[in-house]
Amino acid sequence: ILAAFCKLVDDDDSLKLILVPRHPNRSADIKSIARNLGLDPKPLGSGTHGSIYVVETLGQLPQLYALASVTFIGGSLVPNIGGHTPYEPIRAGSAIVTGEMTANFAPEFETLSSANACIISTPDTLANALQTALDTSEKLAQNACKALPPINDPAPLLDKICAALELAP
């Protein structure tokens, strides 16, 4: 993700990247990786300006999705994670880019992909995928809302998750 952002920011230095680690205790590692690439990551909410921000606390994603014209859905570029939910970015009107490893939400990503409502990328094509998403973010977000209308009642999704985990709702 950082390498792809480096390519994009070379062409447009107004771009901002907000990294939200699944586990906030990884934020120090992420900042270290960014610094090794010559970047200067800032903690989100620190009051300092930059092009890369790292979220160090939980609970901020709904507001951040609403700020983002494009969301990259993590856990989808590496094996054994299975990708994260597309529902929150859709609800916020943010275009979606994801990796190929989306087993946790495979039917949703198949629906989105068939409706030209997301971009599925590999690590090597991520910069191009993100640029395409930036260029077509409104159309991607509109298509996503049509393909998977935002969930106002989370009960059906909770039932699906419980069934997949073989838990009683």
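Not measured: the values here are computed from a predicted model. This chain uses plain numbering: 1 for the first residue, then up along the sequence.
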Between Thr111 and Ser114: side-chain donor-acceptor atoms closer than 3.5 Å:
no

Considering the options Ile30, Leu19, Leu64, Leu61, which one meets the side chain to side chain contact (heavy atoms under 4.5 Å, CB included) requirement together with Val55?
Leu64

Pick from Leu17, Ile33, Leu2, Val9: which one makes a side chain to side chain contact (heavy atoms under 4.5 Å, CB included) with Leu39?
Leu2

Is the shortest heavy-atom distance from the side chain of [X] to the side chain of [Y] under 4.5 Å?
X      : Y      : value
Ile73  : Ile96  : yes
Leu44  : Gln60  : yes
Leu112 : Ile120 : no
Asp40  : Lys42  : yes
Phe5   : Leu130 : no
His84  : Ser76  : no

If you apply the rule side-chain contact (heavy atoms from CB on, under 4.5 Å), what do you find for Thr122 with Leu77, and how did you get there?
CA-CA 7 Å; Thr122 65; Leu77 289 175; 5.8 Å; no

Show your working on salt bridge (Lys or Arg N to Asp or Glu O under 4.0 Å) between Glu56 and Lys31 and close with a plain yes or no.
CA-CA 11 Å; Glu56 298 178 335; Lys31 286 190 238 174; 2.2 Å; yes

Could you list the donor-acceptor pairs under 3.5 angstrom formed between side-chain atoms of residues 135-145 and any protein atom two or more places apart in sequence or on another chain?
unit_1: Asp135; atom_1: OD1; unit_2: Gln131; atom_2: NE2; d: 3.0
unit_1: Thr136; atom_1: OG1; unit_2: Thr132; atom_2: O; d: 2.7
unit_1: Asn143; atom_1: ND2; unit_2: Asn116; atom_2: O; d: 2.9

Has Arg26 got more than 12 heavy atoms of other residues, nucleotides or ligands less than 6.0 Å from its CZ?
no

Within the supplied structure, the quantity of interest is the number of heavy atoms (other residues, nucleotides, ligands) at a distance under 6.0 Å from Asn80 CG; does it exceed 12?
no

Nearest heavy-atom neighbours spanning Pro86 and Phe109
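For Pro86 and Phe109, the tightest heavy-atom pair comes out as CB-CZ, 3.8 Å.
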
